[in-house]
Visitor: 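Once you've had a glance at the structure underneath, I'll fire off some questions.
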Amino acid sequence: MAEVASVLFRREDIRGRVDELGRSITRDYAARAPVLISVLKGGSIFLADLIRVIRLPVAIDYMSISRYGGAVESMGRVRIVKDLDEDIGGRDVIVVEDIVDTGLTLSYLLSVLESRQPASVEICALLDKSARRIAPLDIRYTGFDCPDVFVVGYGLDVGERYRNVPDILAVADVGAVTEDPDLLLPFVEGEPPTA
Ligand code: IMP
Ligand code: MG
């Protein structure tokens, strides 16, 4: 059987890159107190690792959105299911995303956030699938350029599964995984958690 999925970004490379991004943000926002916003659920894993390497008094906040169909059909328009807890007026905002694909969702969200008059808004995306970009976006911080493949792990899901895989996997046959969601279990069970 052909391989259904393979490791695209290894956990140690992710960790190294997250450390670098944290250092860049620490430098760029010296003497400031940015608020990092994550869009649930995928970005929350990246955010959790990222804030622990930022040496600044950061705040975090979450938004949950629901799409009207796919990103393209909806032109990125989303319904805000859970809004931010705090007012971002006058704040330096960093939107932390797992992956930017067409960019439609994020560009819509940016317009919502910018209407609240923050001091600044920047994007920090772990993965940039730039080949599929429809809405142009200026991504200030990028973890990795991502090829045009479906990826799971480190927060990214397929049908709400596999967000807990420590590596990022390229899924060669998404149809097969949709049909049999257990196919990628070896990547979850591969090794026991260390103490
Ligand atoms: P877009 O940039 O508006 O197309 O949507 C980006 C969102 O789609 C991301 O935040 C993910 O939730 C999801 N997404 C895009 N590509 C992938 C992928 O390869 N694997 C898992 N989720 C993805
Ligand atoms: Mg997302």
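The structure presented is a predicted model; accordingly, all values stated were derived computationally and were not measured. In listed order, ligands and their atoms are each counted from 1. One is the number of the first residue; the rest follow in order along the sequence. Because only heavy atoms are used, hydrogens play no part in the values below, and waters and symmetry mates are left out as well, while side chains stay in.
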Visitor: Which is closest to atom 13 (C) of ligand 1 in terms of heavy atoms, Asp148, Asp101, Ile99, Val171?
Guide: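 When every heavy atom of Asp148, Asp101, Ile99, Val171 is considered, Ile99 comes closest to atom 13 (C) of ligand 1.
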Visitor: Short question: side chain of Arg55, backbone of Thr26 - any donor-acceptor pair under 3.5 Å?
Guide: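 No; zero donor-acceptor contacts below 3.5 Å.
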Visitor: Show the atoms of ligand 1 that are less than 4.0 angstrom away from any heavy atom in Thr105.
Guide: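 Those of ligand 1 that fall under 4.0 Å from Thr105 are 1 (P), 3 (O), 5 (O).
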Visitor: Identify, by atom number and element, the atoms of ligand 1 in contact range of Glu97, meaning under 4.0 Å from any of its heavy atoms.
Guide: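 Reading through ligand 1 atom by atom, the close ones are 10 (O).
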Visitor: Take atom CD in Glu12; do more than 12 heavy atoms of anything else shown fall under 6.0 Å from it?
Guide: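 Yes, CD of Glu12 has more than 12 neighbouring heavy atoms, counting only those of other groups under 6.0 Å.
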Visitor: Please could you name the atoms of ligand 1 that Asp157 approaches to less than 4.0 Å, counting only its heavy atoms?
Guide: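 Selected atoms, number and element: 21 (C).
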Visitor: Examine ligand 1 and decide if any of its atoms is less than 4.0 Å from a heavy atom belonging to Leu127.
Guide: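 Contact check Leu127 vs ligand 1: negative.
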Visitor: Salt bridge or not between Asp83 and Arg116? Use side-chain N to carboxylate O under 4.0 Å.
Guide: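 A salt bridge links Asp83 with Arg116.
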Visitor: Relative to atom 22 (N) of ligand 1, which among Val158, Asp98, Leu156, Leu109 owns the nearest non-hydrogen atom?
Guide: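 The residue whose heavy atom sits nearest atom 22 (N) of ligand 1 is Leu156.
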Visitor: Could Arg10 and Asp167 be called an ion pair, given the rule that one side-chain N must be under 4.0 Å from one carboxylate O?
Guide: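 A salt bridge is absent here (no side-chain N lies under 4.0 Å from a carboxylate O).
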Visitor: What atoms of ligand 1 come within less than 4.0 Å of a heavy atom belonging to Thr102?
Guide: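 With Thr102 as reference, the close atoms of ligand 1 come out as 1 (P), 2 (O), 3 (O), 4 (O).
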Visitor: Is there a donor-acceptor contact under 3.5 Å from the side chain of Asp92 to the main chain of Arg32?
Guide: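 No, because the side chain of Asp92 does not come within donor-acceptor range (under 3.5 Å) of the backbone of Arg32.
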Visitor: I'd like to know whether ligand 1 has Leu106 as a neighbour, heavy-atom separation below 4.0 Å.
Guide: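 False for this residue.
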Visitor: Could you check whether any heavy atom of Gly103 sits closer than 4.0 Å to an atom of ligand 1, since that is the contact criterion I want to use?
Guide: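 Flag set, Gly103 near ligand 1.
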Visitor: Heavy-atom contact check, 4.0 Å cutoff: does Val151 meet ligand 1?
Guide: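 Within the 4.0 Å threshold, so yes.
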Visitor: Report, as yes or no, whether the 6.0 Å neighbourhood of atom CZ on Arg15 holds more than 12 heavy atoms from other residues, nucleotides or ligands.
Guide: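 No, because the 6.0 Å sphere around CZ of Arg15 holds 12 heavy atoms or fewer from other groups.
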Visitor: Do Asp98 and Lys41 sit within salt-bridge range, that is, some charged N less than 4.0 Å from a carboxylate O?
Guide: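 Not counted as a salt bridge, because no side-chain N and carboxylate O are separated by less than 4.0 Å.
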Visitor: More than 12 heavy atoms of other residues, nucleotides or ligands under 6.0 Å from CD of Glu86: is that the case?
Guide: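 Atom CD in Glu86 is not packed in, count stays at 12 or less.
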Visitor: Among Arg132, Arg133, Lys129, Lys41, which one has a heavy atom closest to atom 17 (C) of ligand 1?
Guide: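 Nearest heavy atom to atom 17 (C) of ligand 1 lies in Lys129.
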